[in-house]
Amino acid sequence: MSAVKPTPEAREGWDADAAASPASRARKRLSSRGSSIAAIVIAVLWTLPTFGLLLSSFRPEDDIKGTGWWNWFTDPELTLDSYDEVLFGSQTELSTYVVNSVVITVPAVIIPVTLALMAAYAFAWMKFPFRDTLFVAIFALQIVPIQIALVPLLRIFVDTGVNGTFWPLWIAHSTFALPLAIYLLHNFMRDVPAELVEAARMDGAGHVKIFGTIMLPLIMPAIAAFSVFQFLWVWNDLLVALTFAGSTSDVAPLTARIAELVGTRGTEWHLLSAGAFVSMIIPVLVFVTLQRFFVRGLLSGSIKG
């Protein structure tokens, strides 16, 4: 009794199924109609509170205190009075704190990224004594809670006389970010093919040239991903800000001022809604602008094979 041979059409179908990668099969399942509907529902539920906050920030004070934001659709009235009072009013003046947050956040992103790049390259492509031991020690620092380092750092800053300036915030945020930054960037650099590095060395390139012409372009998605993550972390930070800056208008970031408004103006919802949206708009714009680099750096790796 002879076995039934598959037709050429069936054989081609089996070959196509076998050749399909897990990523393509997952993409096919996620692009189905049910998945699309679920994604839309989740997106609407996720953005609905933000939309309500935005709409409340533009409503008159009496309407905010008397009715919910959804009542705007039956009585549409918008005003910029809340933003004018929040940003430029003598009692709130959030514009000063917005500038402070920018001054704190930008160096707190640049400093750890710069130091981590150099350290990651050294751990990945340079040989020196106790290299692996030092890398494991740096990786282990990620498990150290931030809270136990705040008081010792505060004592050091007070003794050195830099307390009350931006330096404690820059140093603290950079110190807390370095272990994770070095670990992530090191892993991306190790994924770069060794043949590229060896070819550059054969052409007479040193570590500086290899770092600048090979490593940086290839790991740019990783740099962008960590920069976005660090920016959001520092911008939304409150614990470090309260510890090293307090509520001083010369140094304190926007989050510290918003927290103070919640305590002193808990009944003035029109100011809180406008202030909260002011604190949200900049990180949202940064994330939306750089989200493709963020996703690429987290999911696709440093290079495409």
Side-chain angles (χ1 to χ4, degrees), residues 23 26-87 92 94-95 97-99 101-102 104-106 108-109 221 224-239 241 253-262 265-300:
R27 189 181 302 110
K28 184 177 180 180
R29 289 194 297 267
L30 292 175
S31 60
S32 63
R33 179 176 299 179
S35 300
S36 301
I37 294 175
I40 293 174
V41 172
I42 293 173
V44 171
L45 295 177
W46 187 268
T47 57
L48 193 60
T50 304
F51 175 75
L53 179 65
L54 173 62
L55 193 57
S56 297
S57 66
F58 286 103
R59 299 182 70 205
E61 178 181 353
D62 294 337
D63 293 347
I64 295 176
K65 294 181 177 180
T67 59
W69 61 267
W70 51 87
N71 290 279
W72 177 85
F73 295 100
T74 59
D75 185 19
E77 184 179 357
L78 299 177
T79 179
L80 293 174
D81 293 343
S82 297
Y83 283 95
D84 182 64
E85 185 175 353
V86 162
L87 291 174
T92 54
L94 287 189
S95 58
Y97 296 89
V98 172
V99 175
S101 290
V102 174
I104 293 170
T105 304
V106 173
V109 173
F226 180 79
S227 297
V228 173
F229 179 80
Q230 178 70 358
F231 184 95
L232 298 178
W233 174 267
V234 176
W235 183 274
N236 294 318
D237 169 73
L238 179 60
L239 177 61
L254 185 58
T255 52
R257 182 55 176 162
I258 295 295
E260 185 180 0
L261 287 178
V262 173
R265 297 175 177 272
T267 60
E268 299 190 14
W269 301 108
H270 62 296
L271 298 182
L272 294 178
S273 59
F277 198 79
V278 168
S279 67
M280 290 171 53
I281 188 63
I282 293 180
V284 168
L285 291 177
V286 170
F287 182 79
V288 170
T289 304
L290 301 176
Q291 64 174 337
R292 62 191 184 95
F293 299 104
F294 183 77
V295 175
R296 187 192 308 172
L298 291 181
L299 299 181
S300 65

Donor-acceptor pair, distance only, cut-off 3.5 Å: does the side chain of [X] make one with the backbone of [Y]?
X      : Y      : value
Trp72  : Leu78  : no
Asp237 : Ala241 : yes
Asn236 : Leu232 : yes

Atom [atom1] of [X] and atom [atom2] of [Y]: how far apart are they, to the nearest 0.5 Å?
X     : Y      : atom1 : atom2 : result
Ile42 : Ile37  : CD1   : CD1   : 12.0 Å
Thr50 : Phe277 : OG1   : CZ    : 7.5 Å
Leu80 : Ser57  : CG    : OG    : 9.0 Å
Leu55 : Ser273 : CG    : OG    : 10.0 Å

Of all heavy-atom pairs between [X] and [Y], which one has the smallest distance, and what is that distance?
X      : Y      : answer
Trp235 : Ser101 : CZ3-CB, 3.5 Å
Val278 : Ile281 : O-CG2, 3.2 Å
Ala276 : Ile258 : N-CD1, 4.2 Å
Gln230 : Ala108 : NE2-O, 3.1 Å

Flag side-chain contact, heavy atom, 4.5 Å: [X] against [Y]:
X      : Y      : result
Met280 : Leu54  : no
Leu254 : Ile282 : no
Thr255 : Tyr97  : no

> Which class fits the ring pair Phe226 and Phe229: parallel under 30°, tilted 30 to 60°, perpendicular over 60°?
Replying inline: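 Correct class here is tilted.
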> Can you say whether the rings of Tyr83 and Phe58 are parallel (under 30°), tilted (30 to 60°) or perpendicular (over 60°)?
Replying inline: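 Geometry flag for Phe58 against Tyr83: tilted rings.
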